[in-house]
Amino acid sequence: MYQAPQYEIFSDLDSRNTDGELINNSEAVEILKNKFGFTPQVIFDAIQKADQNFNMKTKVNCASGIARWGDIGENIALQLISNEIEFSRGQGQPTLTIVDNNIQIIIMSSNDALGDMNLPISSNCSKGIETKHKIDINKYRNMTSEKLETWVLYYPSRKHEIYQDDAPSLIYELARPMSYIVMDDGKIFPTDHDCRLMFSSDSENEVQSYMSEFADESVNEDSFEIGYKNASNEE
C-alpha cells in the first residue's frame, strides 16, 4: 500500500498556489525535443513499464508506491543516459543532468491537478530539504545569476482518475516551480509553476500537448533530476 495523497488533505493549499495559464499548443512537443532532448514517448514508456510491475504486486506489499516511482525513474534514466546526459545521487537525491543545457528534473507523483488546466499543480506528497534546495535555485536565480533551472516531471498517482479505465490514457507534465509552501513538519509542496508543459496519449497512442504561455528560450534541454522518497510513500 502507498500513502494516500497528502496535498488534498490541506484545503487551503490551492489558494496559496498559482500557476501560469495552460494552453493547447503543439509547440510543447518541439520544446521537449529541442530543449530537453527527448520525445514524449520516453516518459510514456517508462510509466507503462512501471505500471506493469505495479500491477503484479499484492496489497500486502507496503512499498508498491515507492517501487513504482523507482521504476519510472530507472526506465527514464536507462533510455536517456548518454555522454550528454548524466545520472547522479548528489545529497541523496538521484538526478539526471543533460549537461549542456543547465536543467535538472525531479520526478514525483502529482496531486489531482495533473492534466487539469483549472487547478494548480503540486506533488502528491510533501517533499524534503533537497527538493526545497532545488526549487530555491529557481526562486533566487535572477539574484545569483544562476544558470541552472529545476523542473519537476509530474506523473499520475495510481489514484488518479485515469486509472479508473481499463486502458488509461496516460498523462504527465513538466513544470518549473518558482516557490513552495512549508508545512509544520518542515517539508514542502512545490508551488507557483511559471511554466507547465502537459502531454497526454489517447487510446490510439496519439500525443496531445499543452504549453504554458510563459515558456521561453531559457528552457534548456539539459538537466534531469530524479528524486526518491521514503519507502512507504508514492513519490
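Since the model is a prediction, treat every value here as computed from it, not as a measurement.
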*Charged N to carboxylate O under 4.0 angstrom, D71 versus K49?*
no

*Would a distance-only check, ignoring hydrogens and angles, find a side-chain to backbone donor-acceptor pair under 3.5 Å from N34 to E30?*
yes

*Do V29 and T39 have side-chain heavy atoms sitting under 4.5 Å apart?*
no

*side-chain contact (heavy atoms from CB on, under 4.5 Å) between I47 and R68: does it pass, once the steps are laid out?*
CA-CA 8 Å; I47 296 172; R68 178 173 177 255; 4.2 Å; yes

*Using a 4.5 Å cut-off on heavy atoms from C-beta on, say whether the side chain of I43 contacts that of I72.*
no

*Kindly indicate whether a cation-pi arrangement holds for K139 with Y180, taking the cut-offs as under 6.0 Å to the six-membered ring centre and within 45° of the axis.*
yes

*Taking C-beta and beyond as the side chain, do I85 and T97 meet within less than 4.5 Å on heavy atoms?*
no

_Would you compute the distance between atom OG of S157 and atom CE of M108 and round it to the nearest 0.5 angstrom?_
13.5 Å

*Any side-chain heavy-atom pair from L114 and I171 closer than 4.5 angstrom?*
yes

_Side chain Q79, main chain N75, donor-acceptor under 3.5 Å_ = yes

_Ion pair check, D51 and R158, cut-off under 4.0 Å_ = yes

*Going by heavy atoms in the side chains, are Q104 and K134 under 4.5 Å from each other?*
yes

*With side chains defined as the heavy atoms from C-beta onward, is the minimum distance between E149 and N138 less than 4.5 Å?*
yes

*Show the numbers, then the answer: is there a side-chain contact (heavy atoms from CB on, under 4.5 Å) between E146 and Y140?*
CA-CA 8 Å; E146 174 67 66; Y140 302 114; over 6 Å; no

*Under the ring-ring contact (aromatic ring centres under 6.0 Å, His included) criterion, do F199 and Y172 qualify, and how do the steps go?*
CA-CA 6 Å; F199 305 90; Y172 70 89; 5.2 Å; yes

*So, do I81 and E86 sit near enough that their side-chain heavy atoms are less than 4.5 Å apart?*
no

*Is the backbone N or O of D19 less than 3.5 Å from a side-chain atom of D192, with the two atoms forming a donor-acceptor pair by type?*
no

*Do the side chain of D165 and the main chain of A167 share a donor and acceptor less than 3.5 angstrom apart?*
no

*Should Y154 and H160 be marked as a ring-ring contact (aromatic ring centres under 6.0 Å, His included) after you check the CA-CA gap, both sets of side-chain angles, and the distance that decides it?*
CA-CA 12 Å; Y154 289 111; H160 194 282; over 10 Å; no

*Backbone N/O of S109 and side chain of N124: donor-acceptor pair under 3.5 Å*: no

*Kindly say whether K147 contributes a backbone atom to a donor-acceptor pair with the side chain of N102 at under 3.5 angstrom?*
no

_Shortest non-hydrogen contact from L32 toward P40_ = CD2-N, 3.3 Å

*Would you call I121 and E173 a side-chain contact if the rule is heavy atoms closer than 4.5 Å?*
yes

